Participant: 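Let me begin by handing over the structure; questions about it come next.
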Amino acid sequence: MHVEEAEAIQERLRAEVDLTGPGPADPATVAGLDVAYAEDGARLAAAVTVLDARTLALVDSAVVTGRPAFPYVPGLFAFRELPALEAALDRLTVRPEVLICDGHGLAHPRRFGLACHLGVVTGLPALGVGKTPLVGTWEPPAPERGAWTDLRDGTETVGRVLRTQAGVKPVFVSVGHRIGLDNASSLVLRLAPRYRLPETTRQADRLCRDALAGRRP
DNA sequence: GCGACAG
DNA sequence: ATCTTGTCGC
């Protein structure tokens with residue numbers, strides 16, 4: 001796989017992204033996906049955790065270890081983690097209603113970030129939560145929890161800069177597939193009652209780190 | 001041409 | 001992503 005092919009795949013698959021309708025406003029189950037890398041970068045662990053959206057209780061999870069499928073290239077990040085994340089998703093026994101991805105969706109140079117890609121290949125509603133920006137400009141949201149501003153790239157709104165905790169650096173929420181920005185944002189806020197990142201992401205992060213360290217749950 | 005650049 | 005030293009706070 002080369003950069004040119006990867007970009008061509010993105011250009012082709014982005015036509016499959018469904019941006020119609022508000023999508024799920026009150027899903028019963030939500031999945032968090034994350035990947036951890038070994039120090040030398042030769043090995044990785046991908047984890048998916050499924051939580052009850054109301055109680056945030058863990059209802060299912062899966063982890064797989066493997067190798068990065070592509071070098072890290074900004075804009076082609078999905079090609080690095082997608083195979084392992086799909087393998088982890090295949091191991092779930094329950095099908096989550098929304099995927100919460102660690103990275104961006106539409107807030108991407110070609111409007112096809114990891115969240116869009118995962119949404120298209122799984123057919124599931126998906127959204128992205130990035131910790132740092134990839135594209136776009138924004139004004140800092142007010143300091144209180146729940147405050148937000150538009151993330152814009154040129155004339156388009158590609159996401160939202162959302163303050164999930166008062167006085168803490170905001171996160172970058174963008175739509176991936178089959179969910180609108182309003183529902184995506186309110187869902188992320190609900191999933192982050194105490195920390196900056198949604199519980200889905202936090203639990204997946206812990207799970208893949210533990211798996212990499214060779215720990216047995 | 002020079003930076004910037006999800007994880 | 002991961003490493004990295006100390007620091008502030010519950």
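As the structure is a prediction and not an experimental result, all values here were calculated from the model. Per chain, numbering begins at 1; letters A, B, ... match sequence-line order.
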Participant: Search all heavy atoms of A:Pro24 against all heavy atoms of A:Arg178 and return the closest pair with its distance.
Facilitator: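 Closest approach of A:Pro24 to A:Arg178, heavy atoms only: CD-O, 3.5 Å.
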
Participant: Compare every heavy atom of A:Gly105 with every heavy atom of A:Ala115, then report the nearest pair and how far apart it is.
Facilitator: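 Scanning both residues completely, I find the closest heavy atoms to be CB-CA, 3.7 Å.
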
Participant: Using a 4.0 Å heavy-atom cut-off to protein, can you give one letter per nucleotide of nucleotides 5-10 of chain C, 5' to 3': B if the base is in contact, S if only the sugar-phosphate is, - if neither?
Facilitator: ------

Participant: According to the Watson-Crick and G-U wobble definition with distances under 3.5 Å, which dot-bracket string, read 5' to 3', encodes DNA chain B, using [ ] for crossing pairs and | for pairs with another strand?
Facilitator: .......

Participant: What integer distance in Å separates A:Leu44:CG from C:dA1:C1'?
Facilitator: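 Those two atoms, CG and C1', are 10 Å apart.
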
Participant: With a 4.0 Å cut-off on N to O distance, would you call A:Arg111 and A:Glu156 a salt bridge?
Facilitator: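 Looking at A:Glu156 together with A:Arg111, the answer is yes, because their closest N to O distance falls below 4.0 Å.
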
Participant: Any idea which heavy atoms bring A:Cys101 and A:Leu118 closest together, and the distance?
Facilitator: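 Answer, listing the atom of A:Cys101 first, then A:Leu118: SG-CD1, 3.7 Å.
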
Participant: Classify A:Ala38 by what it touches in the nucleic acid, base, sugar-phosphate, or nothing, heavy-atom distance under 4.0 Å.
Facilitator: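 Here A:Ala38 touches no strand at all.
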
Participant: Which donor-acceptor pairs under 3.5 Å do side chains of residues 61-71 of chain A form with protein atoms, sequence neighbours excluded?
Facilitator:
unit_1  : atom_1 : unit_2  : atom_2 : d
A:Arg67 : NH1    : A:Ala42 : O      : 2.7

Participant: Starting from A:Leu151 and following side-chain heavy-atom contacts under 4.5 Å between hydrophobic residues (I, L, V, M, F, W, Y), which residues can be reached?
Facilitator: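 Other cluster members: A:Trp138, A:Val158, A:Val161, A:Phe172.
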
Participant: Compile the donor-acceptor pairs under 3.5 Å between side chains in residues 29-39 of chain A and protein atoms, sequence neighbours left out, one pair per line.
Facilitator:
unit_1  : atom_1 : unit_2  : atom_2 : d
A:Thr29 : OG1    : A:Glu97 : N      : 3.3
A:Tyr37 : OH     : A:Arg80 : NE     : 3.2
A:Tyr37 : OH     : A:Glu81 : OE2    : 2.8

Participant: Which residue pairs pass the side chain to side chain donor-acceptor pair (under 3.5 Å) test with at least one member in residues 113-122 of chain A, sequence neighbours excluded?
Facilitator: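 Pairs touching residues 113-122 of chain A that pass the test: none.
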
Participant: How would you list, by chain and number, every residue that makes a ring-ring contact (aromatic ring centres under 6.0 Å, His included) with A:Phe77, sequence neighbours excluded?
Facilitator: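 A:Phe77 satisfies ring-ring contact (aromatic ring centres under 6.0 Å, His included) with no residue once adjacent residues are dropped.
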
Participant: For A:Glu86, what residues pass the salt bridge (charged side-chain N to carboxylate O under 4.0 Å, His left out) criterion, not counting sequence neighbours?
Facilitator: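 Per chain and number, A:Glu86 pairs via salt bridge (charged side-chain N to carboxylate O under 4.0 Å, His left out) with no residue.
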
Participant: Given the rule that a pair is Watson-Crick or G-U wobble with both distances under 3.5 Å, how would you write DNA chain C in dot-bracket, using | for pairs to a different strand?
Facilitator: ..........

Participant: Got a salt bridge between A:Asp210 and A:Arg206, using NZ or NE/NH1/NH2 to carboxylate O under 4.0 Å?
Facilitator: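 A:Arg206 and A:Asp210: not salt-bridged.
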
Participant: Go along nucleotides 2-7 of chain B 5' to 3' and tag each nucleotide: B for a protein heavy atom under 4.0 Å from its base, S when only backbone or sugar atoms are that close, - otherwise.
Facilitator: ---BBB

Participant: Does anything in residues 182-197 of chain A come within less than 4.0 Å of DNA chain C? Heavy atoms only, and list the residues if so.
Facilitator: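 Correct list: empty, so none.
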
Participant: Separation of A:Leu212 atom CG from C:dT2 atom P, in whole Å?
Facilitator: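 Rounded to the whole Å, the gap is 8 Å.
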
Participant: Taking A:Arg190 for the side chain and A:Arg54 for the main chain, is one N or O donor matched with an acceptor at less than 3.5 Å?
Facilitator: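 No.
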
Participant: Looking only at non-hydrogen atoms, find the nearest pair between A:Met1 and A:Glu5 and report the distance.
Facilitator: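 Scanning both residues, the minimum pair turns out to be CA-OE2, 3.3 Å.
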
Participant: Which heavy-atom pair separates A:Leu56 from A:Gln203 by the least distance, and what is that distance?
Facilitator: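 Looking at all heavy atoms of both residues, the shortest contact is O-NE2, 4.1 Å.
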
Participant: Please enumerate all residues that pass salt bridge (charged side-chain N to carboxylate O under 4.0 Å, His left out) together with A:Glu16, with sequence neighbours excluded.
Facilitator: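 By the salt bridge (charged side-chain N to carboxylate O under 4.0 Å, His left out) rule, A:Glu16 matches no residue at all.
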
